[in-house]
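Data first, discussion second: the structure below is written as structure tokens.
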Amino acid sequence: MIADYVYWLSGDAKPHISKLIKLYWQGLLEEAITKEENFSVLYTPCCGNPTRDTTLQTEETFRKLHPAFTAYIFTDPHAVHVMPQTTDWSKSSSQSYILTLGFRRSQDGDFLDKLLQRKCPAFTGPWAPFMLPTREHLHQMCETLGRRILPILDFIKCTKLAAGFPAGSGLIERLQYADCLHGLRRVKEHTEVLQHTLTELVVAPYLQEIRLADASLLQALMADTMDTLGGKRPDQERVWNAMQKVGLIEDMLYQWEKTYVKNKALRAARKQGREGKKSKERIALRVPRKGLSVKPVLQGVPQAQPETDPSSSELNSVSSPYTTPNPPSALRSPDTATHLQREPPAAPITPH
């Protein structure tokens, strides 16, 4: 696609050569879709950027057509994709399409939303970029970038002329991939990746409008790439490594914020539960238990005596042979003891 567009920009483009380039582009696209097993794709015609309702309708159609690839669905928010069969660079109003990707496993595509909406890409390697990675970590990063991230980004770019710079273009990820190859001493692959990336950097201003801030970043990336190819300034940090660290710091801040909000909601729920439990206990203390009647006692007012059954009083008045009729004074009640008084002793008799 880029070759066909640059050939058309040269001015003396011949139609049959442009047609051959488009056929080659179409063949590569169809081969990539046929051989890919981890995700499927759907192109939907659209005019302008898709709305929220259009995106939802497109994803629902994708679920019906490709039910095996619905673990994670991504729809490109910018409908600037073109197909080789309908592309005519001489016309400003070419047919544009919405790109929808569906993955068998969510971990194969969940990086796309975060990657395409941030200036600094998310860190894809071990969570220690401020330390030298081990050989095991380098192998892991090469596998992640070379087999999972870069192929998907290249597939999205193959029908998208203005891929964005640098978010969504894959340039930073490709330079990070080159660093991993250099750490593993894979010199030939390292050089090829850097040359590929440098070509994309040189062509980028011809494919889209570059803002002033992006232009300075583009120049810095080109300078560091050329220095890396020439072996110059090996002891200085490259631009893409600094962006990698910024992306990690952003991820850490987002994670801390998410954890703080989650813990705050959990503490509020626990506090509300404790307050509810205390209020229930207070209500339970106020309400008397069933079967017990609590009546206030007023001083100076005679209290009603409970009614007794006559038959039960007669039965209680019958003395038992096993009980003493007159219990000792120590066992008598205080009221009874107060009414019993001892007789005075008899006066002594004196002899005459």
Side-chain angles (χ1 to χ4, degrees), residues 1-70 73-103 109 112-113 115-117 150-165 167-171 196 199-200 202-210:
M1 177 186 60
I2 295 176
D4 184 35
Y5 183 72
V6 173
Y7 180 71
W8 176 78
L9 285 178
S10 62
D12 56 349
K14 298 180 180 180
H16 67 282
I17 296 180
S18 179
K19 183 178 180 180
L20 290 176
I21 296 176
K22 286 186 176 65
L23 289 175
Y24 182 65
W25 169 24
Q26 180 179 353
L28 291 177
L29 178 61
E30 293 177 353
E31 182 181 4
I33 296 175
T34 303
K35 290 185 177 181
E36 186 57 50
E37 298 179 355
N38 296 324
F39 66 87
S40 185
V41 62
L42 175 65
Y43 293 94
T44 306
C46 182
C47 296
N49 290 332
T51 61
R52 178 63 177 172
D53 295 337
T54 305
T55 301
L56 294 176
Q57 185 178 1
T58 303
E59 292 180 355
E60 185 62 28
T61 304
F62 183 90
R63 290 187 178 91
K64 294 179 181 179
L65 295 177
H66 308 281
F69 299 90
T70 56
I73 298 179
F74 169 78
T75 300
D76 196 347
H78 304 288
V80 291
H81 294 268
V82 293
M83 301 298 292
Q85 305 92 324
T86 61
T87 301
D88 188 357
W89 304 118
S90 60
K91 296 181 180 180
S92 58
S93 59
S94 299
Q95 178 65 57
S96 59
Y97 294 84
I98 302 174
L99 172 67
T100 304
L101 291 176
F103 297 85
L112 285 173
D113 283 317
L115 182 66
L116 298 180
Q117 296 176 5
L150 289 177
I152 296 175
L153 295 179
D154 290 340
F155 182 83
I156 294 176
K157 288 195 303 181
C158 74
T159 55
K160 190 176 182 179
L161 189 62
F165 181 83
S169 62
L171 294 173
H196 184 166
T199 304
E200 290 190 16
V202 172
V203 179
Y206 299 96
L207 304 180
Q208 56 194 313
E209 295 182 1
I210 303 296

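Between Leu101 and Phe62, the shortest heavy-atom distance links the atoms C-CZ, 4.1 Å. Minimum interatomic distance between Lys14 and Tyr7 (heavy atoms only, all atoms of both residues): N-OH, 3.0 Å. Shown here for Leu153 and Gly170, the closest heavy-atom pair between the two residues is CD1-CA, 3.8 Å. The shortest non-hydrogen separation linking Asp76 to Pro50 is O-CG, 4.1 Å. The minimum heavy-atom distance linking Glu200 with Lys157 is given by the pair OE1-NZ, 3.1 Å.
Separating the OG1 atom in Thr100 from the NE2 atom in His66 is a distance of 9.5 Å, to the nearest 0.5 Å. Atom-to-atom distance recorded for Met83:CE and Leu29:CG is 5.5 Å, nearest 0.5 angstrom. Taking OG1 of Thr75 as the reference point, atom CG of Leu56 lies at 8.5 Å (rounded to 0.5 Å).
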Between Tyr97 and Thr86, does the side chain to side chain contact (heavy atoms under 4.5 Å, CB included) criterion hold? Intermediate values first, please. CA-CA 11 Å; Tyr97 294 84; Thr86 61; 3.8 Å; yes
Using the side chain to side chain contact (heavy atoms under 4.5 Å, CB included) rule, take Val82 and Gln95 through it: C-alpha gap first, then chi angles, then the decisive distance, then the call. CA-CA 7 Å; Val82 293; Gln95 178 65 57; over 6 Å; no
Passes side chain to side chain contact (heavy atoms under 4.5 Å, CB included), Trp25 versus Leu23? Steps please. CA-CA 5 Å; Trp25 169 24; Leu23 289 175; over 6 Å; no
Run the side chain to side chain contact (heavy atoms under 4.5 Å, CB included) check on Thr61 and Lys64 step by step: do they pass? CA-CA 5 Å; Thr61 304; Lys64 294 179 181 179; 5.8 Å; no
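Screening Gln26, Glu30, Met1 against Pro84 for a side-chain contact (heavy atoms from CB on, under 4.5 Å) leaves a single residue, Gln26.
Between Leu65 and Leu42 there is a side-chain heavy-atom pair separated by less than 4.5 Å. Residues Leu112 and Phe103 are in side-chain contact: their nearest non-hydrogen atoms beyond the backbone lie under 4.5 Å apart.
Among pairs with a residue in residues 18-29, those fulfilling salt bridge (charged side-chain N to carboxylate O under 4.0 Å, His left out) read Asp4-Lys22, at least two apart in sequence or across chains. Residue pairs meeting the salt bridge (charged side-chain N to carboxylate O under 4.0 Å, His left out) criterion with at least one member in residues 31-41, sequence neighbours excluded, are Glu31-Lys35. For residues 47-60, the salt bridge (charged side-chain N to carboxylate O under 4.0 Å, His left out) pairs, not counting sequence neighbours, are Glu60-Arg63.
Defined by atom type and a distance below 3.5 Å, a donor-acceptor pair is missing between the side-chain atoms of Thr55 and Thr58.
The ring-ring contact (aromatic ring centres under 6.0 Å, His included) test applied to Phe155 returns Phe39, not counting sequence neighbours. Residues satisfying the side chain to side chain contact (heavy atoms under 4.5 Å, CB included) test with Thr34, not counting sequence neighbours, are none. By the side chain to side chain contact (heavy atoms under 4.5 Å, CB included) test, Gln57 is found to be paired with no residue, residues two or more places apart in sequence or in another chain being considered.
Judged by distance alone, with hydrogens and angles left aside, the side-chain atoms of Ser96 form a donor-acceptor pair with the main-chain N or O of Cys46 at under 3.5 Å.
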